[in-house]
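Let me begin by presenting the structure, written as structure tokens, before commenting on it.
By convention here, the first residue in the shown sequence is residue 1. Any value given below was found using the heavy atoms of this structure, including those in side chains, with hydrogens, waters and symmetry copies removed.
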Amino acid sequence: MSTNEVMGRLEAAVSALGDVDVSAWPEDTLKERIGDLSTALVALDAVLSRVADEVRARGLRIEEPVPA
């Protein structure tokens, strides 16, 4: 997969996650889906940590973009 494809997929993932609004979920729905949500969040954290660690291992820093 090309770097452009990878970046496109990362941007799509960020966009999709940006649309998640758990605060709008009914309490019963959240309680019903908390196991699935927890599993997804832990998996996401692991993948993001791995990617960040790989960047840092190459001697680069991950910095927040400066607002325009």
Side-chain angles (χ1 to χ4, degrees):
M1 181 177 311
S2 75
T3 54
N4 286 341
E5 290 171 322
V6 169
M7 291 307 301
R9 290 177 72 177
L10 285 172
E11 290 167 4
V14 168
S15 178
L17 289 169
D19 292 340
V20 175
D21 183 6
V22 176
S23 68
W25 292 9
E27 192 71 17
D28 289 343
T29 301
L30 182 56
K31 287 179 181 178
E32 178 182 308
R33 301 303 305 260
I34 192 67
D36 295 333
L37 181 60
S38 296
T39 299
L41 291 173
V42 168
L44 180 60
D45 181 59
V47 171
L48 290 173
S49 294
R50 178 189 57 81
V51 172
D53 289 346
E54 289 174 358
V55 169
R56 290 183 193 106
R58 306 257 321 247
L60 300 170
R61 290 177 43 141
I62 297 173
E63 299 176 6
E64 284 191 51
V66 177

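A 4.5 Å side-chain heavy-atom check between Leu44 and Leu17 finds at least one atom pair inside the cut-off. Using a 4.5 Å heavy-atom threshold, the side chains of Met7 and Asn4 count as separate.
Glu64 CD: 12 or fewer foreign heavy atoms inside a 6.0 Å radius.
One hydrophobic cluster, built from ILVMFWY side chains closer than 4.5 Å, cannot hold both Val55 and Leu48; they sit in different ones. Linking Ile, Leu, Val, Met, Phe, Trp and Tyr residues whenever their side-chain heavy atoms come within less than 4.5 Å leaves Val51 and Ile62 in two separate clusters.
Leu41 contributes atom CG, which lies 8.0 Å from atom CD1 of Ile34 (distance to the nearest 0.5 angstrom).
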Inset, instruction - Let me see the working for Arg50 and Asp53 under salt bridge (charged side-chain N to carboxylate O under 4.0 Å, His left out), right down to the final yes or no. - result: CA-CA 5 Å; Arg50 178 189 57 81; Asp53 289 346; over 6 Å; no
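Without hydrogens or angle criteria, Thr39 side chain to Gly35 main chain gives a donor-acceptor distance under 3.5 Å.
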